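None of these values were measured; they are calculated from a predicted model. Per chain, numbering begins at 1; letters A, B, ... match sequence-line order.
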Amino acid sequence: MSDNGLQPVRVRFAPSPTGRTHLGSGRTALYNYLLARQTGGQFILRIEDTDQKRFVPEAEQELVDSLRWLGVDWDEGPDVGGPYAPYRQSERKEIYQQYAQQLVHGGQAYYCFCTAARLAEVRKQQQANKEPLLYDGTCRRLSTAEAARRAEAGEPHVVRFKTPRDGSITVSDLLRGDITVENRVVDDFILVKSDGLALYHLAAMVDDQLMGITHVIRGSEWLSTFPLHGHIIRAFGWQEPVFVHLSVFLRPSGKGKMSKRESSQLLQDGVSVFLKDLRELGYLPEGVVNWISLMGWSYDDRTEFFTLPDLVEKFSLQKLNPSPAAINFTKLDHFNGLHIRSLPVDELARRVRPFLEGAGYTVDDGTLNQVTPLIQTRIVTLADSVAMAGFFFEEHVHPEPEQLVGKKMTPQESAQAARRAYQVLDGLPVIDHETTEQPLRDLAEEMGLSAGQLFGILRVAVTGQSVSPPLFESMAVIGKDKVLERIANVATLLSSPPTA
RNA sequence: GCCCCCAUCGUCUAGCGGCCCAGGACGUGGCCCUCUCAAGGCCAAAACAGGGGUUCGAUUCCCCUUGGGGGCACCA
């Protein structure tokens, strides 16, 4: 197979705007994008909005925003136009009708006048008899003349594909090889609904053909209707694109697919399968891209850190894995941390800023630039910066008195330690790591305390929290005046013990 | 009920007949470093679903069973 690149491909991502943009969509779009960029081909975004009943107005915007956020952009699409416009299927109704007519005239499709009620009845019967649930072929037996007359008379009808009764069809998936299915289990599927709009099966095949798509990379939920698609393409006598069906994502336990309900409940645990949520949770697009790229694809037996440009270079259809993959959010945290640490400090500062501001802090550049390197190895998401470093932007901190008590120390001893530390620091011209650490270590030793005991008290006093960036660097950022003020406060806080 | 797909550590995976008493990563446990928390370094435990074949030789090829997933809509 020479699909790995040399020939420029034309690929597409064709979602339906019926809901939120999911990880699976992100991955499908990503792989398509990677192949297009790698080969110097084109990536097309096509909106499959042929079902007005399930249409969600905001869905397309969320999709576009989410994909762009990931760094995936397209050469042709509803918002950017292109030579094969329109790229919204609802605007291509006539095109599909024309092709449906072609099949009807060629005897490869027929009008069906059966009502939904009758079809439901037939299905019920089949279910009871434990038969395959297929259309019973009533209208297939109509003469073309009669069918035409009834349609002419305005009788509501759909267009069905006339699947061959005998034999079988073999379609080929790049990852799975040939898939052969008996024609008798392939339904006379509806191509055009009674409202005149095409169904996915016809619309997608027509558009892929018209838009010159060379590789169809889509979710494996299409595998079961793949034979039908093969029939449609062959009925038209078209050249078949290469088909690649991606594995599905399973819930973290690996048992089954995630339900809608589970998906929305995830957010309570600080994770989500929706791209937009991940962004708001403080995940980096780099982290998410790296993570999803490796769900169903691999490069070799050791490399796992990839940026988008890396992936453009290294992605390969041949290394795709057809088995289902469980979503592993702890691995997302790992990749996100990796990418946070690999970001230049100023870039990280730029990205952290909105999260700090979103938490209500007024963020000045000077402080932010000093703080960012201190938290870079300590945060997993950008949102973690709030808990880790919010106090830097606070005028006053409010430590819990009991936290100010050093390990294995009494409140009185702790207050005394703070008083002594105050004296030491007050005598220093500047407070930074170099000038501060040794004098305080000496103080600890003099008082018979471990460095950890003394530093722990000071950490809580100065930062207001027991987990913080390194003490001396933090004090340097906060500045001598505020540091002294906060340490002076220790005695006050400890002299009025909390009601025990 | 019918059709299709999938099957290596808990999870993501490498492996395309001998290099594998199976390699990497996440997570987990331990140690080191250390002012907290991280980051970083080192070490450890942890898998070829089961049964038949094919072969001198199967994780790798074939079949069956089992398990998992998808579909059987005037949804995509």
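- Counting any heavy atom pair closer than 4.0 Å across all strands shown, A/S450 reaches no nucleic acid atom.
- The listed nucleotides are B/rU36, B/rC6, B/rA14; the one nearest the side chain of A/K319 is B/rA14.
- In the set B/rG40, B/rC35, B/rA38, B/rG40 carries the atom at the smallest distance from any side-chain atom of A/R341.
- Residue A/S194 is in base contact, counting any heavy-atom pair closer than 4.0 Å across all strands shown.
- A/W222 comes within 4.0 angstrom of a nucleotide base, judged by non-hydrogen atoms across all strands.
- Between B/rG10 and B/rA45, the two P atoms lie 15 Å apart (nearest whole Å).
- When the side-chain nitrogen and oxygen atoms of A/K331 are compared with OP1 and OP2 of B/rA25, none of them lie within a distance under 4.0 Å.
- Across all strands, A/R54 comes closer than 4.0 Å to base atoms (heavy-atom distances).
- Look at the P atom in both B/rA44 and B/rC3: the space between them is 50 Å, to the nearest Å.
- At the phosphate of B/rG10, neither OP1 nor OP2 sits under 4.0 Å from any side-chain N or O atom of A/N328.
- Taking only distance into account, the side chain of A/E304 meets the base of B/rG24 through a donor-acceptor pair shorter than 3.5 Å.
- If you check B/rC26, B/rG1, B/rC3 against the side chain of A/V185, the one that comes closest is B/rC3.
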